[in-house]
Amino acid sequence: MPSPRELGYAGMVAVVLVLGTIGAAALQAGRAKPVDVWAILLVVIASTATVALRHAAPVVALAVAMTATGGYLLAGYPYGPIQLCMIIAMFGVARRIPLRMSLVACGVAGIVAYSTVAARFAREVETPLLLSLAWLAWVVLPWSLGALVQAVTVSQQRARQELVTRVALEERMKIAADVHDVAGHGFALVAMQAGVALLVFDEQPEQARKSLEAIQATSAKSLTALRGMLETVHSKEPDNGEDHDVTGLAGLPELVEQVRAGGLPVDLAVEPVGARLAEDVDVVAYRVVQESLTNVLRHAGETTADVRIARQEDELVVQVADRGHATPGQTPRLGRGLTGMRSRVEDVGGRLAAGPRSGGGFQVVAHLPLGGER
């Protein structure tokens with residue numbers, strides 16, 4: 001059903017077209033039938049249907065407009081604004097319904113329009129066929145414009161939907177990377193702490209107790225962080241501000257303490273940066289350290305790790321190195337950890353290098369822009 005606003009618009013358009021029809025009749029006096037109540041009624045019907053039904057029922061609007069306009073012209077009333085109703089209705093059909101359906105509807109309307117005008121011209125001019133064909137060509141124009149507008153609109157909607165889908169996929173990939181980092185780091189720590197507890201369970205029960213307490217704390221923290229990440233997938237509400245997982249350079253001391261409790265000696269050195277880091281760069285710096293230390297726990301064996309954070313010109317340099325089993329010249333295996341790390345760094349405009357270091361061991365070096373994404 002038309003809304004009250006559309007009915008209001010239809011009433012105003014009807015008044016304008018009636019006044020226009022009266023003006024057109026004055027200009028065509030003696031050449032057309034004078035405007036009477038029936039002519040005004042046909043104008044009102046055509047204009048009201050065209051405006052009021054153009055959204056809710058465009059085909060019905062076209063049918064009513066064509067019938068009223070055809071009756072008006074065949075009755076011999078003066079040419080005037082009522083003919084615009086047919087054009088507007090045809091444009092609305094082509095604009096709002098599928099192309100094939102609009103082609104059929106407007107094709108039928110075009111044949112009716114041609115027949116009506118040809119019958120009218122047959123009584124008034126010497127070349128009715130030529131003029132009626134010219135009229136038909138003019139009638140085809142609104143369908144062409146409407147179909148073009150519909151094609152452009154559909155294309156834009158498809159592009160917007162693809163953009164939304166791509167953004168959602170990228171967001172899920174980021175969440176998956178976060179889950180990988182948090183879960184991998186937590187499991188690596190738990191595995192190392194459990195190994196320590198097993199080794200000292202009989203001889204050093206107090207140390208075993210500390211390792212078990214560390215396992216409990218690490219698993220609880222990791223589960224909380226994972227729960228917070230997974231909630232963002234299902235919830236469309238804004239974050240309530242609760243910190244499920246402290247990420248950023250401010251969280252490095254806690255991260256390093258967890259790794260040390262797992263049995264890996266870590267030397268941490270953070271030099272003053274002298275500038276406030278963009279949030280995304282701060283998080284990426286933390287994730288690089290977290291993933292690198294996790295890889296050391298998993299793959300390097302008995303070793304130590306060095307973490308260095310420093311400013312180098314307009315970049316933040318994050319370096320994590322160990323003295324494990326890797327040897328110079330060995331090609332690193334690009335697993336999900338390193339691949340995800342590189343993707344994170346490149347997303348904020350940085351670059352990452354990872355590979356065996358001189359003298360043995362492995363190192364990861366990330367160069368991040370201090371100004372955020374470039």
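Not one N or O on the side chain of Y72 forms a donor-acceptor pair closer than 3.5 Å with the backbone of Y79. No donor-acceptor distance shorter than 3.5 angstrom exists from the side chain of S155 to the backbone of A151, with no hydrogens or angles considered. Counting only distance, with no hydrogens or angles, the side chain of R311 and the backbone of E313 share a donor-acceptor pair below 3.5 Å. Judged purely by atom type and a 3.5 angstrom limit, R96 has no side-chain atom pairing as donor or acceptor with the backbone of H55. Although no hydrogens or angles enter the test, the distance criterion places a donor-acceptor pair under 3.5 Å between the side chain of Q150 and the main chain of I97. Between the side chain of D282 and the main chain of L249, a donor-acceptor pair closer than 3.5 Å is present. The backbone N or O of G80 sits less than 3.5 Å from a side-chain atom of Q83, completing a donor-acceptor pair.
Hydrophobic clustering (ILVMFWY, side-chain heavy atoms < 4.5 Å, transitive): M101 and L148 are in distinct clusters. Both V266 and V270 sit in one connected hydrophobic cluster of ILVMFWY residues. Membership requires side-chain heavy atoms under 4.5 Å apart, directly or through other members. L277 and V365 end up in different hydrophobic clusters when Ile, Leu, Val, Met, Phe, Trp and Tyr side chains are linked at under 4.5 Å. Under the 4.5 Å side-chain heavy-atom criterion for ILVMFWY residues, no single connected hydrophobic cluster contains both V317 and V281. Hydrophobic clustering, with ILVMFWY side chains joined whenever heavy atoms are under 4.5 angstrom apart, keeps I88 apart from V16.
R308 pairs by the salt bridge (Lys or Arg N to Asp or Glu O under 4.0 Å) definition with D267, not counting sequence neighbours.
For the atom pair CD of Q319 and CD of Q312, the computed distance is 10.0 Å after rounding to the nearest 0.5 Å.
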Side-chain donor-acceptor distances from residues 34-50 under 3.5 Å, at least two apart:
{"residue": "D36", "atom": "OD1", "partner": "W38", "partner atom": "N", "Å": "3.1"}
{"residue": "D36", "atom": "OD1", "partner": "A39", "partner atom": "N", "Å": "2.9"}
{"residue": "D36", "atom": "OD1", "partner": "Y77", "partner atom": "OH", "Å": "2.7"}
{"residue": "D36", "atom": "OD2", "partner": "Y77", "partner atom": "OH", "Å": "3.0"}
{"residue": "S47", "atom": "OG", "partner": "V43", "partner atom": "O", "Å": "2.8"}
{"residue": "S47", "atom": "OG", "partner": "V44", "partner atom": "O", "Å": "3.1"}
{"residue": "T48", "atom": "OG1", "partner": "V44", "partner atom": "O", "Å": "2.7"}
{"residue": "T50", "atom": "OG1", "partner": "A46", "partner atom": "O", "Å": "2.7"}

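Closest approach of V284 and R344 over heavy atoms only: CG2-O, 3.9 Å. Taking all atoms of both residues into account, the shortest heavy-atom contact from A105 to V93 is CB-CG1, 4.2 Å. Across every non-hydrogen atom of A89 and A65, the tightest pair is CB-CB, 4.1 Å.
Contact of the F91 side chain with the L62 side chain is not registered, since no non-hydrogen atoms from C-beta on lie closer than 4.5 Å. When side chains are defined from C-beta on, R351 counts as touching E315, because their heavy atoms get closer than 4.5 Å.
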S292 vs V296, side-chain contact (heavy atoms from CB on, under 4.5 Å): CA-CA, chis, key distance, verdict = CA-CA 6 Å; S292 298; V296 174; 5.6 Å; no

